[in-house]
Protein chains: 2
Amino acid sequence: MSVNIKELAKIIGVSISTISKALNDKSDISEELKIKIRNAAIEYSYSPNPIAKRLVAKKTNTLGVFILNRDNIPLKHYFEFQFLDGIIREANLYNNDILIFTNTNDLSYKKSYIDECKERKLDGAIFLGLREDDPFFENIQTSYIPVCAVDTEIYGENVSFVSSDNKGGIIKALEYLWELGHRDIFFISGCQNAFVSNERLYGYKSFMESKTLFNKEYIFEGNYSFESGIRAGEQLLNKKITAVVSSSDMMALGMMQYLKKNNIRIPDDISIIGFDDIISCEHSEPSLTTIAQNVVTMGRKSVDIVLNGNKSPILVETELIIRNSCKKIN
Amino acid sequence: MSVNIKELAKIIGVSISTISKALNDKSDISEELKIKIRNAAIEYSYSPNPIAKRLVAKKTNTLGVFILNRDNIPLKHYFEFQFLDGIIREANLYNNDILIFTNTNDLSYKKSYIDECKERKLDGAIFLGLREDDPFFENIQTSYIPVCAVDTEIYGENVSFVSSDNKGGIIKALEYLWELGHRDIFFISGCQNAFVSNERLYGYKSFMESKTLFNKEYIFEGNYSFESGIRAGEQLLNKKITAVVSSSDMMALGMMQYLKKNNIRIPDDISIIGFDDIISCEHSEPSLTTIAQNVVTMGRKSVDIVLNGNKSPILVETELIIRNSCKKIN
DNA sequence: TTGTACGCGTTATCAA
DNA sequence: TTGATAACGCGTACAA
């Protein structure tokens, strides 16, 4: 099919080591020979076998990405899936390959993820959807290869994480509502004990307390689903609320649907802000103001952390996307 | 970190070839020795270096997946991204790794995709979002490694494709509407000259012609976007239509929004059926009846084609998901 | 049944 | 400046 270094050497009548050096631009080869060899390499479409390179380099330039799916939902509906975009791009930028592992169905991991990496000689690993009660959580903390988790708080010698600035994002939303004159602001929380949920809840708490407006009756604990947004809406009917901040767009959309059915107008009667910026936000009626997560940057940062052995967590800025679901209060 | 075959050999006092044979369950090693060696392998956590294996096997067990993004939209909004789910699962099932390539931003390919595979010694390739006017289309057709495209019609010695049964899907929708009594059925087509669009349009044409109902005034050419669905809605106002079949959910949803704003009730005044079964279908008002594509199966089949060198195209069954956007006509 | 020796395609060391 | 050779870790004829 294509020649290898030995054949190319024979063709141009030099040794294989000369070719290797020339192509790797080593200093101890004359410029003219380098040119000659480079041209020959192109002519005979020679390119070094990456497998052989990896064998001698003892480095695979490959990162493992573990997509840890909680409820066996299809990947396409799985939020963490989106991080792949940035991960792939950033990894390619540094000539790293990524290998994706999934734990649904067939592969319920008995082997620890880190062992999997070890066997495959991977240079690092990224975890999406990692839970603190994962059987291998501690095993990951003590990993000998660099590891980064996305949206999971985890610390260790070679371990760090990246997440959105969840707390800051919620506060942005609340400040916006505050400027609009809202004081009675409801909060839809995500599942408790998850890092991002806690951070968002914490953002709500601290802002509201700073304005001495905090009322824990104004918090509903959902589970990020559309349906739990509907249930949150039910809670709202008998409360004097003018605005809602939701920990996810899905829940905000669910609530919106419920409210509209009950003849509550948005944003005239109630203002709503979501979190994530999923595509439906643009198309809902009214379109949904939301805190956008920069998933591409999050993905990129996660590979940066692994590649640079970075130890301090990274919080990625969120952005308030103003649409039509909020209104000034009179 | 962990032992290699040579060290393990020294530890248990046998030769490396004995270990290799024992672990690969060759017939010329005694059963007791095999057991002894397997146990030792576990004890010293030995596992063969996959890189070295690949070097000698001259086979990487790795498939390239090219995600060819048309308009540089983020991957998360990119429909083809969903095929990854099935691709990853099926590849893992057969102990194959996948390598993902993207052509957005940084990497606008000058090198042909097949050359990329060649350099990386990949065993096969899968193309998502491949267009017929791609500069390397012909190059792919004549690929020497097995190739499968998803949703692109392509033929070649080692080349095949997988798609939904788009024509059959549309016909399913039309038959359903027919049973419901609809006769004046509008069709929102996707961008012309794309394979799937043509198939869906062809399904509409042939069904309508078979009922001698065909009227080309009843076709609107959109571009799969929400906005083009709105434009399709505008076309509808002055036509006597009772039902609409759309080539995508996004367009159906766009049309639905427009129609509702213009006080046309769904499904009372107009029945609507979409295509794809995106998540928003469940949450729209009314929820949207649609032709579901089985993206997981499509992904799986694409790797089957590559792995088995299958030559005949595969069309995956679609499924009519009945929700609340269609109604019997009186 | 077990072991020796070579080859897979590179890079790196050291001698020429 | 160039080239011979060992090493990377494994599989596999072939010899013992």
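Nothing here was measured: the structure is a model prediction, and the numbers come from that model. Within every chain, numbering begins at 1; the chains are lettered A, B, ... in the order of the sequence lines, protein sequences first and strands thereafter.
In this structure, B:Glu7 places its CD atom 10 Å from P of D:dC8, rounding to the nearest Å. Note: NZ (A:Lys26) to C1' (C:dT13) measures 12 Å, nearest angstrom. Taking atom NZ of residue A:Lys10 and atom P of nucleotide D:dG3, one finds them 15 Å apart after rounding to whole Å. One atom, CG of A:Leu55, and another, C1' of D:dC8, lie 4 Å apart when rounded to the nearest Å. Between A:Ile16 atom CD1 and C:dG9 atom C1' there is a gap of 8 Å when expressed in whole angstrom units. As rounded to whole Å, 16 Å separates atom P of C:dC8 from atom CD1 of A:Ile51. Between B:Asn24 atom CG and D:dA13 atom C1' the separation is 15 Å, expressed in whole Å. Rounded to an integer number of Å, the gap from CZ of B:Arg54 to P of D:dG9 is 16 Å.
In the set D:dT2, D:dG3, C:dT4, the nucleotide with an atom closest to the side chain of B:Ser15 is C:dT4. Ranking C:dG9, D:dC10, D:dC8 by closeness to the A:Ile5 side chain, first place goes to C:dG9.
Regarding contacts with the backbone of C:dG9, every side-chain N or O of A:Lys53 stays at 4.0 angstrom or more from both OP1 and OP2. Considering only side-chain N and O atoms, B:Asn4 lies under 4.0 angstrom from the phosphate OP1 or OP2 of D:dG9. The phosphate of C:dC8 (OP1 or OP2) has no side-chain N or O of A:Asn49 nearer than 4.0 angstrom. Listed pair B:Thr18 / C:dG3 meets the phosphate criterion, a side-chain N or O lying under 4.0 Å from OP1 or OP2. For A:Lys58 and D:dG9, the shortest distance from a side-chain N or O to OP1 or OP2 is below 4.0 Å. Residue B:Ser17 has no polar side-chain atom (N or O) positioned under 4.0 Å from OP1 or OP2 of C:dA5.
B:Ser20 comes within 4.0 angstrom of a base, heavy atoms only. A:Lys21 comes within 4.0 angstrom of a base, heavy atoms only.
Comment: A:Glu116 engages A:Arg120 in a salt bridge, judged by a side-chain N to carboxylate O separation of less than 4.0 angstrom. Between B:Asp28 and B:Lys26 there is no salt bridge, since no side-chain N of the basic residue sits under 4.0 Å from a carboxylate O of the acidic one.
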- Task: Go through the steps to decide whether A:Phe101 and A:Tyr113 satisfy the test ring-ring contact (aromatic ring centres under 6.0 Å, His included), and finish with yes or no.
- Result: CA-CA 9 Å; A:Phe101 299 89; A:Tyr113 317 119; 9.2 Å; no

- Message: Show, in sequence, the C-alpha distance, side-chain angles and deciding distance for B:Arg38 and B:Asp25, and conclude whether the side chain to side chain contact (heavy atoms under 4.5 Å, CB included) test is met.
- Response: CA-CA 10 Å; B:Arg38 285 197 200 109; B:Asp25 207 24; 3.2 Å; yes

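A:Leu99 places a side-chain heavy atom less than 4.5 Å from the side chain of B:Leu99.
Residue-to-nucleotide proximity on DNA chain C shows that, of A:Asp28 and A:Ala52, the 5′-proximal contact is made by A:Ala52.
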